[in-house]
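Working notes for the structure below.
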2 protein chains.
Amino acid sequence: MKLTCPITGPKPYHHGDLRRALLDAASRVLEREGPTALSLRAVAREAGVSPAAPYHHFKDKSELMLAISEEGFDQLYDFMRQSSDPDGPPMERVAAIGVAYVEFAKAHPSIYRVMYDCSRDLEALPDKAHKAEDGAYSLLKKAMIDLGVVSSDQEVDLELACIAAWCAAHGLAEMVGFRQFDSLKAKMGGEKAFLAGVLSHLGTFGQARNRG
Amino acid sequence: MKLTCPITGPKPYHHGDLRRALLDAASRVLEREGPTALSLRAVAREAGVSPAAPYHHFKDKSELMLAISEEGFDQLYDFMRQSSDPDGPPMERVAAIGVAYVEFAKAHPSIYRVMYDCSRDLEALPDKAHKAEDGAYSLLKKAMIDLGVVSSDQEVDLELACIAAWCAAHGLAEMVGFRQFDSLKAKMGGEKAFLAGVLSHLGTFGQARNRG
DNA sequence: AGCTCATCTTGACAATGCTTAGATCGAACC
DNA sequence: GGTTCGATCTAAGCATTGTCAAGATGAGCT
C-alpha cells in the first residue's frame with residue numbers, strides 16, 4: 001500500500017489513499033449537512049467513488065464512524081492541551097479543560113455527535129472505541145491530581161472526582177448543543193461567561209468533600 | 001373522536017385509538033430490539049396496521065419520537081419523586097434525585113435515548129420538546145433551593161448550580177450506558193455505591209462556592 | 001509477458017421515510 | 001332512513017440507505 005502522492009500525484013494505485021480521502025469527504029459532509037446526512041453513500045459520492053468502494057476500507061458504516069471518532073478525539077485532546085497552561089494554577093486548569101471540552105463540542109457539533117454515537121453503537125469493541133478518548137481524559141486526571149485536594153493515595157476518590165467532572169462537561173456539552181439558555185447567557189454577559197459559570201462548579205469537586 | 005372501548009370493545013372507529021396503540025407498540029419494539037430498530041414501519045407492523053397508517057397520527061417519525069419522549073419524561077418525573085423523600089434532608093434529596101435519574105436511564109436505556117435524541121432533532125420546536133422535562137427539572141430545583149447554601153436571591157447562581165447538577169447526572173447516565181467502570185464498581189462494592197459516589201459530588205455544588 | 005490480488009464498479013436486494021390515490025366506515029345532516 | 005362528508009386506513013410507489021456478490025481493472029512481482 002504505497003502512497004506516492006506528493007501533491008496530487010500520479011494516482012499510484014487505483015486511487016492512492018482512498019481511506020484518507022473518505023475520511024476527509026466524511027468530514028466535509030458532516031460540516032456541510034450535519035450528522036444525520038452522514039451516509040456511506042454520501043461519503044462515497046463526495047469522494048467521487050462508487051457506493052461500494054468504502055467497503056474495501058471499512059467493514060461497516062460504524063467502522064467509518066469509529067475512524068472519524070478517533071480523529072475527533074485526537075483533535076479534542078490537542079485543543080484541550082492548547083487551552084490549558086500546564087504551569088498555571090490547577091484550579092484554572094481544570095476549568096480551562098472543561099471550557100475547552102464544551103467549546104470543542106460547540107465548534108464541531110457533528111463530529112462530537114459521531115464521537116459519542118459510535119461509542120454507543122460499538123458495544124462489541126469497547127477497547128478500540130474507548131481508547132481514543134484516553135489522552136483527553138488523562139489530561140483532566142493530571143490536573144485533578146495537581147489540585148491536590150483529593151488524597152492521592154485514595155485512587156478511588158480521585159477516579160470518582162474525574163468521572164464526575166468528565167460527566168458534567170459531557171452533559172453540558174450535550175445540553176448546550178440543543179438548549180439555548182439564552183436568558184441566562186444574557187444575564188451573565190455572554191456564552192463564555194455562562195460556560196465558565198457552570199463549569200466553575202467542576203473545580204469544587206473534591207474540595208467540598210472535606211466538609212465537616 | 002369517540003373511543004368506546006371498555007376492555008377491548010367493538011372497535012368503534014376504524015381502530016379505536018390507534019395513536020395509543022402505536023405508542024404502546026413503539027414501547028414494545030424499543031424494549032425488545034433497541035432504539036436503532038425503532039422505525040415507523042416496525043411500529044406499524046407491531047400494531048398490526050399498514051406502513052402508512054401512523055402518518056394520520058404523527059406528522060413525522062420525529063413526532064412519534066417526541067410523543068414517546070414526553071411519556072418518558074413523565075415516567076422519569078414520577079420515578080424521581082418516588083425516590084426522594086420530600087421531607088428528608090435536602091442533601092440526601094439531591095443525591096437521591098441524581099441516583100434516580102441515572103437508574104432510570106439504566107433501566108430504560110432505549111426510552112432514555114429517544115428522549116434526548118429527539119430533543120436534538122427537533123430544534124425547530126424547542127418549546128414543545130423541552131417542556132416535557134420541566135417537571136423533572138423543577139423537582140431538582142426545589143431540592144437545590146432547600147439546600148439553602150445558594151443565596152436564594154441570586155437566581156442566576158441557583159440556575160447555574162441546577163444546570164451543573166443536571167448536566168452531571170445526564171453525563172453520567174450517558175457514560176454508564178456504554179462504559180463499564182467495572183473495576184471501579186468492584187472496588188466500591190456494587191453499582192449503586194458507584195453511582196452514589198460519583199453523584200455525591202453533586203451535593204457539593206454551591207457549597208464549595210462559599211470557599212474563601 | 002503473464003499471474004495475482006487488492007481495489008474499484010455494476011447491479012441487485014431488502015429495508016426505511018414519506019407521498020399520493022383510492023377504499024372504508026362512523027357520524028352528521030336532510 | 002338514506003346521503004353526503006370527512007376522518008381513518010390501505011395499496012402502491014418513489015427515492016434513499018446499508019450491504020453483498022460478481023465482474024472489471026490495473027499495480028507489482030516473477
Side-chain angles (χ1 to χ4, degrees), chain A residues 1-6 9-26 29-30 32-68 114 117-118 120-122 124, chain B residues 1-6 9-26 29-30 32-68 114 117-118 120-122 124:
Chain A
M1 209 190 285
K2 230 167 286 180
L3 352 160
T4 343
C5 180
K11 281 188 168 192
Y13 219 148
H14 282 185
H15 183 261
D17 189 0
L18 183 56
R19 189 191 148 90
R20 181 70 260 151
L22 286 171
L23 286 174
D24 292 344
V29 171
L30 276 177
R32 190 187 337 123
E33 305 171 60
T36 62
L38 183 72
S39 68
L40 266 180
R41 294 180 105 106
V43 170
R45 217 177 298 137
E46 174 81 21
V49 295
S50 85
Y55 284 89
H56 294 269
H57 300 271
F58 303 97
K59 181 170 74 59
D60 250 344
K61 181 188 179 182
S62 49
E63 247 195 27
L64 203 218
M65 291 176 69
L66 179 60
I68 298 172
V114 172
D117 276 357
C118 84
R120 207 163 20 231
D121 295 345
L122 292 184
Chain B
M1 209 191 286
K2 232 166 284 180
L3 350 160
T4 341
C5 180
K11 280 190 169 190
Y13 220 149
H14 282 184
H15 178 124
D17 190 0
L18 184 55
R19 188 192 149 91
R20 179 71 260 150
L22 287 170
L23 285 174
D24 292 344
V29 171
L30 275 177
R32 190 187 337 125
E33 306 171 62
T36 61
L38 183 72
S39 67
L40 266 179
R41 293 178 105 106
V43 170
R45 219 177 296 136
E46 174 81 18
V49 294
S50 83
Y55 286 91
H56 293 269
H57 300 271
F58 303 99
K59 182 171 72 63
D60 250 345
K61 181 187 180 181
S62 49
E63 247 194 27
L64 204 217
M65 292 176 67
L66 180 60
I68 298 171
V114 171
D117 277 358
C118 86
R120 210 163 16 233
D121 295 346
L122 292 183

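FYI, side chains are in, hydrogens and waters are out, and symmetry mates aren't considered; it's all heavy atoms of this structure.
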Roughly, in whole Å, what's the span from [atom1] in [X] to [atom2] in [N]?
| X | N | atom1 | atom2 | result |
| --- | --- | --- | --- | --- |
| B:Y55 | C:dC18 | OH | P | 4 Å |
| B:L22 | D:dT8 | CG | P | 12 Å |
| A:L64 | D:dG18 | CG | C1' | 12 Å |
| B:M65 | C:dG17 | CE | P | 10 Å |
| B:E63 | C:dC18 | CD | C1' | 14 Å |
| B:L40 | C:dT19 | CG | P | 11 Å |
| A:F58 | D:dT19 | CZ | P | 13 Å |
| A:K59 | D:dC20 | NZ | C1' | 14 Å |

- Side chains of B:L40 and B:Y55: does their closest heavy-atom pair fall under 4.5 Å?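 Side chain of B:L40 against side chain of B:Y55, heavy atoms only: contact under 4.5 Å found.
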
- Query: When all nucleic acid strands are considered with a 4.0 Å heavy-atom cut-off, which category describes B:R19: base, sugar-phosphate, or nothing?
  - Reply: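 If one applies the 4.0 Å heavy-atom cut-off, B:R19 turns out to touch nothing in the nucleic acid.
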
Of the nucleotides [options], which has the atom closest to the [X] side chain?
| X | options | answer |
| --- | --- | --- |
| A:H56 | D:dT10, C:dT7, D:dA21 | C:dT7 |
| B:L18 | D:dC9, D:dT17, C:dC8 | D:dC9 |
| B:S39 | C:dT16, D:dT10, D:dC20 | C:dT16 |
| B:K61 | D:dC9, D:dT19, C:dC18 | C:dC18 |

- Which heavy atom of A:A42 sits nearest a heavy atom of A:V29, and at what distance?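 In this case the closest contact between A:A42 and A:V29 is O-CG2, 4.2 Å.
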
- List the atom of A:A47, the atom of A:L22, and the distance in Å for their closest heavy-atom pair.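 Minimum heavy-atom contact is CB-CD2, 3.9 Å.
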
- Message: Tell me whether the side-chain N/O atoms of B:H57 come closer than 4.0 Å to OP1 or OP2 in D:dC9.
- Response: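 Yes, such a contact exists.
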
- Query: Are OP1 or OP2 of C:dC8 and a side-chain N or O of A:S50 less than 4.0 angstrom apart?
  - Reply: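 It does not, given that no N or O in the side chain of A:S50 lies less than 4.0 Å from OP1 or OP2 of C:dC8.
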
- A:L66 CG to A:K59 NZ distance, which is reported to the nearest 0.5 Å: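 The NZ atom of A:K59 is 10.5 Å from CG of A:L66, to the nearest 0.5 Å.
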
- Message: With rounding to the nearest 0.5 angstrom, report the CG to CE distance, A:L38 to A:M65.
- Response: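 So the CG of A:L38 and the CE of A:M65 are separated by 6.5 Å.
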
- Message: Taking atom types as they are modelled, would you say the side chain of A:R41 forms a donor-acceptor pair with the base of D:dT19 within the 3.5 Å cutoff?
- Response: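 For A:R41, whose side chain was compared with the base of D:dT19, there is a donor-acceptor pair (under 3.5 Å).
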
